[in-house]
Peer 1: 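One structure, pasted below without further comment.
Order of appearance sets the numbers: ligands from 1, and atoms from 1 within every ligand. Note that the structure is a prediction, hence the values are computed from the model and not measured.
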Amino acid sequence: MSAPGARLAGRTILLGATGSIAAYKAVDLLRRLTGEGAEVQVLLTRSAAAFVGPLTFETLSGRPVLSDPLELLPDRRIAHIVAAREADGIVVAPATAHWMAAMASGLAGDVITAACLASTAPVVVAPAMDAGMYAHPATSANVARLRSFGYRIVDPETGPLASGLVGPGRLAEPASIVDAVVSALADPPSGTRRSSPAGRDLAGRRIVVSAGGTAEPIDPVRFIGNRSTGLMGAEIARAALDRGAEVTILAGNVSVALPSAARVVSAPTTADMRDAVLALLPGADVLVMAAAVADFRPRRASATKLPRDAAPVLELEPTEDILAEASGVADGLTPRPVLVGFAAETGSLDRAAAKARRKRVDLLVANDVLEPGAGFGVETNRVTLIAPDAAPEPWPLMSKREVADRLLDRIAALLAPRAPHNPAAERVLAPNVALSPPAREDV
Ligand code: CTP
């Protein structure tokens, strides 16, 4: 085990505390996890919140505590599911006999069991309870069942207990729990995923990802838009950050949360996005055009709101093909940045290979947005990867995060022979640039 320091830098850990008197020790654990560089999201059961108030955890973690399994984020996604997907590891400390029984049975009645069920990240459980409860065969069976899930159990210590008895049941020392978390992330049990499938293989790489749909103004209120939410681009950004990349998101019209560790540049129209892409490409290792860019825009946007009785007929003109233009610019750069396009097709992917050739991309991710589970506003995608001179590779239905991870495996392989721009670079934490979403009245 390496010495304490920044052993969890760049990792997101869910810290779940359940209703034991030892819940106060979760505060110390939180401080130690953040001291190791982790971003910590605290989850409290209702009874844990009766022992230690959420305010303490919120102040120390800098994030709102989750304690209601029904809680939604402002973008209407389910908070604990999003947390579960983002987590590199989960630690439940203290874990009561009741919580372990619920978890062993897969009962998702509280926010921590629900998050554990929804996550494939390694889980560390540190029980704390009265010695008699710990010794009961029911508890032993539940602990054994949790171990069979691949969960790492940090055995409780022997000592004076809140009941006045002396015996095994005291929560392990927070330092030992942190060590268990570090070790679980470094060597995850089979069946759980690594915190990042390939470690920090994108450290020092600069990745520009466009996300969301562009919006072409008709007048100051209305625009021509599309159904893209930005989720695929956000997941690529998140996955790239997890692998150590410096990430800039060019945000069109997005309706999902963007990772706070990315630099976000607002690019509401195709023209804005083109300018941003061409400005950033020379310093980038990779451009991923996940945005749904409008192909047409009104030839003239009205400076004032069009009245209903104007009965306008919109004259449209084609927009710039940003990716094709970026390809031309990339030809003059050494090394040529890796260019990745997306192609949203309907009904068949027959046009995708020709599109990849026309735009001269290194990789094209094509999907049929009419297929169930693929396309706009859903958490999953079924894509086919197209690379020049290779047969199209259909990938199975998977979450957008998994598509992002797999795509980054391919991008990392293309980058591997090249030196990073800035080999010493650590992740640059830049605050989100405030986004000014255009008016959301579609036509
Ligand atoms: N794209 C772009 N600029 C545009 C349109 C699309 O850079 N004006 C990018 C998209 O971000 C995507 C890729 O090109 O990465 C393919 O987009 P798609 O809409 O599928 O292709 P189009 O060029 O628009 O072709 P078509 O409308 O004929 O399908």
Peer 1: More than 12 foreign heavy atoms under 6.0 Å from CD1 of Ile78: is that the case here?
Peer 2: no

Peer 1: May I ask you to identify the nearest protein heavy atom to atom 20 (O) of ligand 1, giving residue, atom name and distance to one decimal place in Å?
Peer 2: Lys355 NZ, 2.6 Å

Peer 1: For Asp321, take its heavy atoms, then give the atoms of ligand 1 lying under 4.0 Å from any of them.
Peer 2: 2 (C), 3 (N), 4 (C), 7 (O), 8 (N), 23 (O)

Peer 1: Before accepting this row, confirm whether a basic side-chain N of the pair Arg401/Glu235 lies closer than 4.0 Å to the acidic partner's carboxylate O.
Peer 2: no

Peer 1: Looking only at heavy atoms, is any part of Ser210 under 4.0 Å from ligand 1, and if so is it the side chain, the backbone, or both, or is it neither?
Peer 2: neither

Peer 1: Hey, are Thr214 and Arg297 close enough side-chain-wise for a donor-acceptor pair under 3.5 Å?
Peer 2: no

Peer 1: What residue and heavy atom of the protein are closest to atom 11 (O) of ligand 1, and at what distance?
Peer 2: Ala291 O, 2.8 Å

Peer 1: Over all heavy atoms of both residues, which pair between Leu250 and Met273 is shortest? Give the atoms and the distance, please.
Peer 2: O-CE, 3.7 Å

Peer 1: Any N/O of Val340 closer than 3.5 Å to an N/O of ligand 1?
Peer 2: no

Peer 1: Within the 4.0 Å heavy-atom shell around Thr319, which atoms of ligand 1 are there?
Peer 2: 8 (N)

Peer 1: Provide the closest heavy-atom pair for Ala292 versus Asn226 in the form atom of the first, atom of the second, distance.
Peer 2: O-ND2, 3.0 Å

Peer 1: For atom 4 (C) of ligand 1, what is the closest protein heavy atom, and at what distance to 0.1 Å?
Peer 2: Val293 CG1, 3.4 Å

Peer 1: Starting from atom 8 (N) of ligand 1, locate the nearest protein heavy atom and write down its residue, its atom name and how far away it is, to 0.1 Å.
Peer 2: Glu320 O, 2.8 Å

Peer 1: Can you tell me which portion of Ile322 lies within the under-4.0 Å heavy-atom range of ligand 1? Options are side chain, backbone, both, or neither.
Peer 2: both

Peer 1: Taking 4.0 Å as the limit for heavy-atom contacts, which would you say applies to Asp295 with ligand 1: side chain only, backbone only, both, or neither?
Peer 2: side chain

Peer 1: One residue to check: Arg351. Relative to ligand 1, which of side chain, backbone, both or neither has a non-hydrogen atom less than 4.0 Å away?
Peer 2: side chain

Peer 1: How far is atom 1 (N) of ligand 1 from the closest protein heavy atom, and which atom is that?
Peer 2: Lys359 NZ, 3.6 Å

Peer 1: What is the closest protein heavy atom to atom 7 (O) of ligand 1, and at what distance does it sit?
Peer 2: Leu323 N, 2.8 Å

Peer 1: Using a strict 4.0 Å cut-off to heavy atoms of Gly341, name the atoms of ligand 1 that fall inside it.
Peer 2: 15 (O)

Peer 1: Mind running side-chain contact (heavy atoms from CB on, under 4.5 Å) on Val369 and Arg227 for me, showing each step along the way?
Peer 2: CA-CA 11 Å; Val369 293; Arg227 295 181 197 282; over 6 Å; no

Peer 1: Has ligand 1 got any nitrogen or oxygen that is less than 3.5 angstrom from a nitrogen or oxygen of Ala343?
Peer 2: no

Peer 1: Where is the tightest heavy-atom contact between Ala366 and Ala352, given as atom of each residue plus distance?
Peer 2: CB-CB, 3.7 Å

Peer 1: Which residue and non-hydrogen atom of the protein lie closest to atom 16 (C) of ligand 1, and at what distance in Å?
Peer 2: Phe342 O, 2.8 Å

Peer 1: Any heavy atom of Met273 closer to ligand 1 than 4.0 angstrom?
Peer 2: no

Peer 1: Show which atoms of ligand 1 fall inside a sub-4.0 Å distance from at least one heavy-atom site of Ala344.
Peer 2: 20 (O)

Peer 1: Go through it in stages, so that I can follow the logic: the residues are Thr12 and Gln41, the test is side-chain hydrogen bond (donor to acceptor under 3.5 Å, both in side chains), and I'd like the CA-CA distance, side-chain angles, deciding distance and then a yes or no.
Peer 2: CA-CA 7 Å; Thr12 299; Gln41 171 65 60; over 6 Å; no

Peer 1: Counting only heavy atoms not in Arg77 (residues, nucleotides, ligands), do more than 12 fall under 6.0 Å from its CZ?
Peer 2: yes

Peer 1: Tell me whether Asp179 is salt-bridged to Arg32, with the criterion being a basic N under 4.0 Å from an acidic carboxylate O.
Peer 2: no

Peer 1: Hey, is Ala294 one of the residues with a heavy atom under 4.0 angstrom from ligand 1?
Peer 2: yes

Peer 1: Is it true that atom CZ of Arg358 has more than 12 heavy atoms of other residues, nucleotides or ligands lying nearer than 6.0 Å?
Peer 2: yes

Peer 1: Does any N or O of ligand 1 fall below 3.5 Å from an N or O anywhere on Glu345, backbone included?
Peer 2: no

Peer 1: Can you check whether Ile90 reaches Pro122 side chain to side chain, under 4.5 Å on heavy atoms?
Peer 2: no

